Amino acid sequence: MAEGVPVLSARMRENLFIGDNGTDSLETESQGSRDEIIERDPGCVEDRFRVDRKKLEQMLQLVPSNDDSDETAEDFFQRIMEETNTQITWPSKLKIGAKSKKDPHIKVIGYPENVRSAKSKILPVLDTKSNRVTLKMDVSHTEHSHVIGKGGNNIKRVMTETGCHIHFPDSNRGSNLQEKSNQVSIAGQPDGVEIARAQIR
């Protein structure tokens, strides 16, 4: 059973969204300033963590329905706030389909055990790492500079298009030919990793 009282004013909702430039910016639905936030209980804590952008975008695009289909973001976060007696701030004004690949933040405020409970309910649904995979593949070290491209332009483009992180072995920077490695690792969501693998080969 959750304890305590709501920690923020019900009419104050803080919205975090990612702008076109990929930076975090805050916007409020309330006309007032952040000074309107009710003073928090000294026992309350705040936890801010990233969630998967694509998963949240999908949830934000859902239309409310009367059947048992997927919850909208509003319903999902409202239910967790009620179940855990926490205040949750999420990017309800996230720009859908923005060029930014940056994962947005969720902020949870409440008593420590309630915050942990809320986080444990959010992450299985929106965790950035739940479906993340890492693929290690061999690409001849003589081809690495071609794959990376001048100034890293080729590999930056592939990483931007697929949302993956691609790592080439540091040992290849030296002049010792005996320690050259062919192994390249690609980390990201399964679909993105597969696309990146095809572009690197």
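For the single chain, residues carry numbers from 1 onward in sequence order. For clarity, every value in this text was computed on a predicted model and none was experimentally measured.
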Could you tell me the separation between the [atom1] atom of [X] and the [atom2] atom of [Y], rounded to the nearest 0.5 Å?
X: Ile80; Y: Lys119; atom1: CD1; atom2: NZ; answer: 13.0 Å
X: Gln78; Y: Glu83; atom1: CD; atom2: CD; answer: 11.0 Å
X: Ile186; Y: His167; atom1: CD1; atom2: NE2; answer: 12.5 Å
X: Ile200; Y: Thr162; atom1: CD1; atom2: OG1; answer: 8.0 Å
X: Arg50; Y: Leu123; atom1: CZ; atom2: CG; answer: 13.5 Å
X: Arg79; Y: Thr72; atom1: CZ; atom2: OG1; answer: 10.5 Å

State, to 0.1 Å, how close [X] and [Y] come at their nearest heavy-atom pair, and which atoms those are.
X: Val193; Y: Cys164; answer: N-SG, 3.4 Å
X: Ser181; Y: Pro169; answer: O-CG, 3.6 Å
X: Lys55; Y: Val125; answer: CD-O, 3.6 Å
X: Ser185; Y: Thr134; answer: CB-CG2, 4.4 Å
X: Pro104; Y: Leu56; answer: CG-CD2, 4.0 Å

Residues which pass side-chain contact (heavy atoms from CB on, under 4.5 Å) with [X], listed by chain and number, not counting sequence neighbours:
X: Ser120; answer: none
X: Ala73; answer: Met59, Leu60, Phe77, Trp90
X: Gln61; answer: Glu57, Ile96

Less than 4.5 Å apart, any side-chain heavy atom of [X] and any of [Y]?
X: Glu113; Y: Ser117; answer: no
X: Glu161; Y: Ile195; answer: no
X: Arg48; Y: Ile106; answer: no
X: Val108; Y: Ile122; answer: yes
X: Asp52; Y: Leu126; answer: no

Are the side chain of [X] and the backbone N or O of [Y] linked by a donor-acceptor pair below 3.5 Å?
X: Thr86; Y: Ile88; value: no
X: Lys107; Y: Glu46; value: no
X: Thr160; Y: Lys156; value: yes

Output a table of donor-acceptor pairs, distance under 3.5 Å, between side-chain atoms of residues 145-153 and any protein atom two or more places apart or on a different chain; print 'none' if there are none.
| from | atom 1 | to | atom 2 | distance (Å) |
| --- | --- | --- | --- | --- |
| Asn153 | ND2 | Lys150 | O | 3.1 |

(request) Please list, chain by chain and in numerical order, all residues satisfying ring pair (Phe, Tyr, Trp, His ring centres under 6.0 Å) with Phe76, sequence neighbours excluded. (result) none
(message) Tell me every residue that passes side chain to side chain donor-acceptor pair (under 3.5 Å) with Glu194, counting only those two or more places apart in sequence or in another chain.
(response) Arg197
(request) Please work out which of the three classes, parallel, tilted or perpendicular, describes the rings of His144 and His141, given edges at 30° and 60°. (result) perpendicular
